[in-house]
There are 2 protein chains.
Amino acid sequence: MYDLTPIIGENLAKLRRKKRLSLDKLSELSGISKAMIGQIERGESNPTVNTLWKIASGLRVSFGKLIDTNQPATELVRLNDITPIIDTDGMTLVPLFSFDNDKGFEIFSVTMPPHSVHEAAGHVGGSEEYVLSFEGNLEVTMETETYTLAAGDAIRFKADQTHTYRNPSDKIVKFQTIIYYS
Amino acid sequence: MYDLTPIIGENLAKLRRKKRLSLDKLSELSGISKAMIGQIERGESNPTVNTLWKIASGLRVSFGKLIDTNQPATELVRLNDITPIIDTDGMTLVPLFSFDNDKGFEIFSVTMPPHSVHEAAGHVGGSEEYVLSFEGNLEVTMETETYTLAAGDAIRFKADQTHTYRNPSDKIVKFQTIIYYS
DNA sequence: TATTTTTGTATGTTATAATATACTTTAATT
DNA sequence: AATTAAAGTATATTATAACATACAAAAATA
């Protein structure tokens, strides 16, 4: 999984230098030992939230500044470079952009083998799905309604209800889905 | 100093319930042991940023949601209820609103005894001060310029340069200052 | 150059975050 | 009611965050 410590270290060192504070001075301002601050800057420690909070306050910067993951302006993702998640019903999920903390959504590329069905229990909490049909004919069912999407079609629905994906054909079906969490 | 653990606990418990997840399920989604999640919810643990990050990601909420300190809509501060900071040169500082992580500024009430001087080294990093004169005549000097403020006057200046407060009179001088950090 | 001061790093110790496991309690099923 | 399952809590152990102190290197002063 994702490790924040190098990012925090970089941010902290940069901010401290910008304010021309020594480890000693920041230690005094924040109430955190300079040894700890040094270790955090070098990415050698995984600080607790309280510690990082005090450092942020001492520095007079927001907490967010310290965990800000200066993402590159552009991020190209090759479908084939990502290891897919194979579901029990044969559906293949490729997380193109997995959930990112400061965005509220994630994007998957999905492949369904011929004559396959995937039933998804509603993800509670007001989430929404946007499905972009990509190849083949996809059937989406929720509650009572069923929709058939041809390549290029799209559908949006509240995902807090149970919904079913079905590929009734002999051919593979592909689509992308954007899941948005309130 | 400020302790985030009860706030995080409350936020986490609330969010997890809203999404109808058990400790076990969230543990599985986040990769953090359910015992730890339980302890955090009860405010019994001060989690590391990496741990909280994983929990936030598992929950599909932003990190900020977990450390969000639902401030009350209104906050009345009585000058006399706050213990002042007495400076070496006799200046008295009362932090009316001390630095708050998600705002970028803080507000002090300041009292200067007769014939007193306070020299402030520039707070580096593009910070700004807004001084609101409240009682008596206040002299503010930065670089070459000197300004004299009567009660009710105000001044704004970049605080990255050395600046001096002076009360040349026989009477007490009071003012408030808002310090804004870039 | 020698001396002092300032800066960051290294080391040993203590407190506690995090885990794994077992336990209790409540809810569901037979 | 008895049994099973699902939920949260308690306990013991391990890993490590955080501190205090001492050290090394660089900068400033004499």
Side-chain angles (χ1 to χ4, degrees), chain A residues 1-59 61 63 66-67 101 121-125 162, chain B residues 1-59 61 63 66-67 101 121-125 162:
Chain A
M1 248 280 167
Y2 204 19
D3 180 18
L4 282 179
T5 57
I7 292 157
I8 293 173
E10 215 175 293
N11 289 338
L12 177 51
K14 224 170 265 180
L15 286 165
R16 181 174 63 81
R17 297 223 180 85
K18 200 163 93 180
K19 307 226 176 194
R20 306 218 196 296
L21 296 171
S22 65
L23 289 178
D24 265 305
K25 194 87 220 305
L26 181 54
S27 170
E28 182 196 325
L29 288 170
S30 62
I32 302 299
S33 71
K34 71 167 178 173
M36 188 35 40
I37 298 175
Q39 286 176 36
I40 294 170
E41 288 193 354
R42 279 171 266 135
E44 289 172 17
S45 185
N46 171 19
T48 65
V49 286
N50 273 338
T51 296
L52 205 59
W53 181 274
K54 287 180 191 167
I55 292 175
S57 297
L59 257 185
V61 300
F63 194 98
L66 291 180
I67 59 172
N101 218 285
H123 336 154
V124 196
T162 315
Chain B
M1 246 289 166
Y2 204 18
D3 181 19
L4 284 178
T5 57
I7 293 158
I8 293 173
E10 217 176 292
N11 289 338
L12 177 52
K14 222 169 266 177
L15 286 164
R16 181 173 64 81
R17 297 225 179 85
K18 201 163 91 181
K19 307 226 174 192
R20 306 217 198 297
L21 296 171
S22 66
L23 289 178
D24 265 306
K25 194 88 222 306
L26 181 53
S27 170
E28 182 196 326
L29 288 171
S30 62
I32 302 299
S33 71
K34 72 167 176 173
M36 187 40 32
I37 297 174
Q39 287 176 34
I40 294 170
E41 288 192 355
R42 280 172 266 134
E44 290 173 16
S45 184
N46 171 19
T48 65
V49 286
N50 273 337
T51 297
L52 204 60
W53 182 273
K54 286 180 191 168
I55 293 175
S57 297
L59 257 183
V61 301
F63 194 98
L66 293 179
I67 59 171
N101 219 286
H123 336 155
V124 196
T162 316

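Values below: all heavy atoms of this structure, side chains included; hydrogens, waters and symmetry mates excluded. Within every chain, numbering begins at 1; the chains are lettered A, B, ... in the order of the sequence lines, protein sequences first and strands thereafter.
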Engineer: Give the minimum heavy-atom separation between B:Asp3 and B:Ile7, together with the two atoms involved.
Structural biologist: O-CD1, 4.4 Å
Engineer: Go through A:Thr48 and A:Asn50 one step at a time and tell me if the side chain to side chain donor-acceptor pair (under 3.5 Å) criterion holds.
Structural biologist: CA-CA 5 Å; A:Thr48 65; A:Asn50 273 338; 5.7 Å; no
Engineer: Specify whether B:Trp53 and B:Phe63 have parallel, tilted or perpendicular ring planes, treating 30° as the upper limit for parallel and 60° as the lower limit for perpendicular.
Structural biologist: tilted
Engineer: Using a 3.5 Å distance criterion without hydrogens, assess whether the side chain of B:Ser27 forms a donor-acceptor pair with backbone atoms of B:Leu23.
Structural biologist: no
Engineer: With a 4.0 angstrom cut-off to heavy atoms of chain B, pull out the first and last contacting nucleotide of DNA chain C, in 5'-to-3' order.
Structural biologist: C:dA17 to C:dA20
Engineer: Hey, which sits more toward the 5' end of DNA chain C by its nearest nucleotide, B:Glu44 or A:Arg17?
Structural biologist: A:Arg17
Engineer: What integer distance in Å separates A:Leu23:CG from D:dA20:P?
Structural biologist: 15 Å
Engineer: Taking CG from B:Leu26 and P from D:dA6, how many angstroms apart are they, rounded to a whole number?
Structural biologist: 18 Å
Engineer: Between C1' on D:dA17 and CG on A:Leu4, what's the gap in Å once rounded to a whole number?
Structural biologist: 16 Å
Engineer: Indicate the atoms forming the closest heavy-atom contact of B:Leu12 with B:Ile40, along with that distance.
Structural biologist: CD2-CG2, 3.8 Å
Engineer: Out of A:Ile37, A:Leu21, A:Thr51, A:Leu59, which one pairs with A:Ser30 under the side chain to side chain contact (heavy atoms under 4.5 Å, CB included) rule?
Structural biologist: A:Ile37
Engineer: Considering only heavy atoms from C-beta outward, does the side chain of A:Met36 approach that of A:Pro47 to under 4.5 Å?
Structural biologist: no
Engineer: Side chains of A:Asp24 and A:Ser22: any donor to acceptor distance under 3.5 Å?
Structural biologist: no
Engineer: Hey, which of these two, B:Thr48 or B:Leu21, hits DNA chain D nearer its 5' end, going by closest nucleotide?
Structural biologist: B:Leu21
Engineer: Can you pull out the residues from residues 32-42 of chain A that lie within a 4.0 Å heavy-atom distance of DNA chain D?
Structural biologist: A:Ile32, A:Ser33, A:Ala35, A:Met36, A:Gln39
